[in-house]
Structure formats: C-alpha cells, structure tokens
Amino acid sequence: SICKSIWKKIMSEIDNLYKAIAFAETGHLQDPYIRTQARGTGSSAYGPVQINKAALTGPGYGDVGFTPEEDKFIKEKYLPQMNLFLKYGGEDMVPGMERYDYGGAGDFTEEDKVLYDNMAKKLMKFEYDRVMKRGGNLDDFIFAWRGETKDKDPRYYDEVKDRFLVNNVTTEQGSDAF
C-alpha cells in the first residue's frame, strides 16, 4: 500500500539520520555505547547518538510515542544510569565506579542496546518532525540535536550532512551507486 511505502521511506530516512549522527558522535569508537568523552562538561550523554537525560525528561516526552517496553526501559534503566553518570565521573570519582566516568560503558546489556537504538530513532524522528513542521532544514535539526551552532562545530555539521547524503543515495540506489 501507499501508506506502508511512505512509512518505509520515512523510517529509512530516520535510520540514515541515526547513522549519520552516530558517525559524527561516536563513529571513531570501537564501542559507541559509552558516556561522552567530553570531560568536565557535566554531561550524561550516552550511546551512539549521545542522548542525555534532558532529552528524555523535558517537555514533549509523552508525545514521542514510546512503547510501554521502551518507556519502562527509559524509566528503569536509562534514566537511573544517567543519574549515575551525573553522580560519578570527573574529579569526584569513587573507586569502583569508573564505568560511569567520562568515556565509561555504564551497565548496558545487548538487549539494552537494542532498546536504546529503537528509543533513539523514535526520539530523533519526533525531533526531526518538530523541526521540519516549523519550516526548518537539516541544519536546524542538527542544531536542535547537538545544541551547538554550525559556526561553533562545523566538523559535526559537515560529517552529519555528508554521511546522511551518502546513506540516502545508497538506500535509494543500492550500494552499486558507489
């Protein structure tokens, strides 16, 4: 059906956006499921696309459309881990809690990583739709996601846009396009 085809195209675009953001955020790492490496920032950002606590506790959370399983994961696993990241790490590190330090892996299982990816893509789609409905463009979305202007972090914007374009071309034309 046409609706199914449109939904598939939208979700492949969100998959490509996720891959592009992940490339810019943690693409240089062997394991992207870590707390931010930006020491001293007080950030709880975690995972391939570096989602922080504020993104999941702010206004609009209830409108994202998380499943009951994802909501439970966020409330019982993700947010408690964010709190541990914020409690430990940096100058006040407590021996035995290094996994919560900047660059630390936290406590995620393989199942948690799958839930993270699903949650992140829904959050990303929600944010993307919000920005685009206001007449925004990809730069506006990147700003909303990253919180930094293009002038302050041109590398990030360039990497996301370049990777997003390559991913979309590959999706539409197949890998034979390159």
Side-chain angles (χ1 to χ4, degrees), residues 1-34 36 43-74 77-78 82 108 110-178:
S1 78
I2 291 173
C3 282
K4 206 176 227 179
S5 170
I6 291 169
W7 179 250
K8 201 173 179 181
K9 182 167 174 41
I10 289 168
M11 288 320 291
S12 85
E13 192 158 286
I14 295 302
D15 283 343
N16 289 338
L17 191 54
Y18 177 91
K19 289 174 192 167
I21 296 281
F23 179 78
E25 290 282 3
T26 57
H28 62 288
L29 301 170
Q30 194 168 347
D31 182 3
Y33 291 91
I34 64 161
T36 182
S43 175
S44 62
Y46 179 82
V49 293
Q50 295 289 289
I51 296 172
N52 64 22
K53 183 178 176 180
L56 294 169
T57 55
Y61 170 85
D63 300 327
V64 175
F66 294 119
T67 65
E69 182 186 24
E70 291 161 344
D71 189 54
K72 180 178 185 209
F73 162 75
I74 290 164
K77 184 79 180 214
Y78 199 76
M82 298 297 96
F108 270 30
E110 291 305 310
E111 184 183 344
D112 293 334
K113 292 175 183 180
V114 171
L115 286 164
Y116 172 96
D117 291 347
N118 292 340
M119 171 214 43
K121 288 175 185 176
K122 280 187 179 172
L123 188 62
M124 197 169 278
K125 181 182 180 327
F126 177 79
E127 190 64 27
Y128 185 77
D129 289 348
R130 187 184 67 77
V131 167
M132 295 306 168
K133 281 179 186 156
R134 292 197 319 232
N137 59 30
L138 188 54
D139 280 354
D140 297 324
F141 168 78
I142 295 169
F143 175 76
W145 190 265
R146 177 78 166 156
E148 292 285 355
T149 63
K150 188 175 183 177
D151 289 342
K152 272 194 150 181
D153 198 354
R155 175 211 58 90
Y156 189 90
Y157 280 73
D158 291 344
E159 282 186 9
V160 170
K161 291 193 301 192
D162 290 350
R163 184 57 58 133
F164 184 59
L165 180 66
V166 166
N167 289 343
N168 277 343
V169 169
T170 307
T171 299
E172 288 180 17
Q173 298 178 4
S175 59
D176 297 342
F178 290 92

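Residue numbers start at 1 and run along the sequence shown.
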S.K.: Rounded to the nearest 0.5 Å, how far apart are CD of E70 and NZ of K77?
M.R.: 16.0 Å
S.K.: Can you tell me how far CG of N16 sits from CZ of R163, rounded to the nearest 0.5 angstrom?
M.R.: 10.5 Å
S.K.: Which atom pair, heavy atoms only, marks the closest approach of F164 to A20?
M.R.: N-CB, 3.6 Å
S.K.: Before giving the answer on side-chain contact (heavy atoms from CB on, under 4.5 Å), spell out for R130 and F141 the whole-Å C-alpha distance, their side-chain angles and the decisive distance to 0.1 Å.
M.R.: CA-CA 9 Å; R130 187 184 67 77; F141 168 78; over 6 Å; no
S.K.: How many angstroms lie between atom CG of D15 and atom NZ of K125, to the nearest 0.5 angstrom?
M.R.: 12.0 Å
S.K.: Checking side chain to side chain donor-acceptor pair (under 3.5 Å) for the pair D151/Y157: CA distance, chi angles, key distance, verdict?
M.R.: CA-CA 9 Å; D151 289 342; Y157 280 73; over 6 Å; no
S.K.: Between K19 and V166, is there a side-chain heavy-atom distance shorter than 4.5 Å?
M.R.: no
S.K.: For the pair M119 and V64, evaluate side-chain contact (heavy atoms from CB on, under 4.5 Å) and give the outcome as yes or no after the intermediate values.
M.R.: CA-CA 9 Å; M119 171 214 43; V64 175; over 6 Å; no
S.K.: When you compare the side chains of Y33 and D117, does any donor N or O come within less than 3.5 Å of an acceptor on the partner?
M.R.: yes
S.K.: Do D158 side-chain atoms and R155 backbone N/O form a donor-acceptor pair below 3.5 Å?
M.R.: no
S.K.: Could you state the interatomic distance from OH (Y78) to CG (D71), rounded to the nearest 0.5 Å?
M.R.: 14.5 Å
S.K.: Would you name the heavy atoms of L138 and K161 that are closest together and state the gap between them?
M.R.: CD2-CG, 3.6 Å
S.K.: Keeping the roles fixed (side chain from T36, backbone from S43), state whether a donor-acceptor pair exists under 3.5 Å.
M.R.: no
S.K.: State the CD1-CD1 distance between I51 and I74, to the nearest 0.5 angstrom.
M.R.: 8.5 Å
S.K.: Is it true that K72 and E69 make a salt bridge, defined as a side-chain N closer than 4.0 Å to a carboxylate O?
M.R.: no
S.K.: Kindly say whether E127 contributes a backbone atom to a donor-acceptor pair with the side chain of W145 at under 3.5 angstrom?
M.R.: no
S.K.: For the pair Y61 and F66, name the ring-plane relationship: parallel under 30°, tilted 30 to 60°, perpendicular over 60°.
M.R.: tilted
S.K.: Quick one: closest heavy-atom pair of V49 and A22, and the distance?
M.R.: CG1-N, 3.7 Å
S.K.: Is there a side-chain contact (heavy atoms from CB on, under 4.5 Å) between F23 and D162 once you walk through the steps?
M.R.: CA-CA 10 Å; F23 179 78; D162 290 350; over 6 Å; no
S.K.: Measure the spacing between OH of Y46 and CZ of F108 and express it to the nearest 0.5 Å.
M.R.: 5.0 Å
S.K.: Output, in order, the C-alpha distance, side-chain angles, deciding distance and verdict of side-chain contact (heavy atoms from CB on, under 4.5 Å) for Q50 and T26.
M.R.: CA-CA 8 Å; Q50 295 289 289; T26 57; 3.8 Å; yes
S.K.: Between R146 and E25, does at least one N-O distance fall below 4.0 Å, as a salt bridge requires?
M.R.: yes
S.K.: What are the two closest heavy atoms between P48 and Y116, and how far apart are they?
M.R.: CD-CE2, 3.2 Å
S.K.: Looking only at atom types and distance, does a side-chain atom of E148 sit under 3.5 Å from a main-chain N or O of I142, one as donor and one as acceptor?
M.R.: no
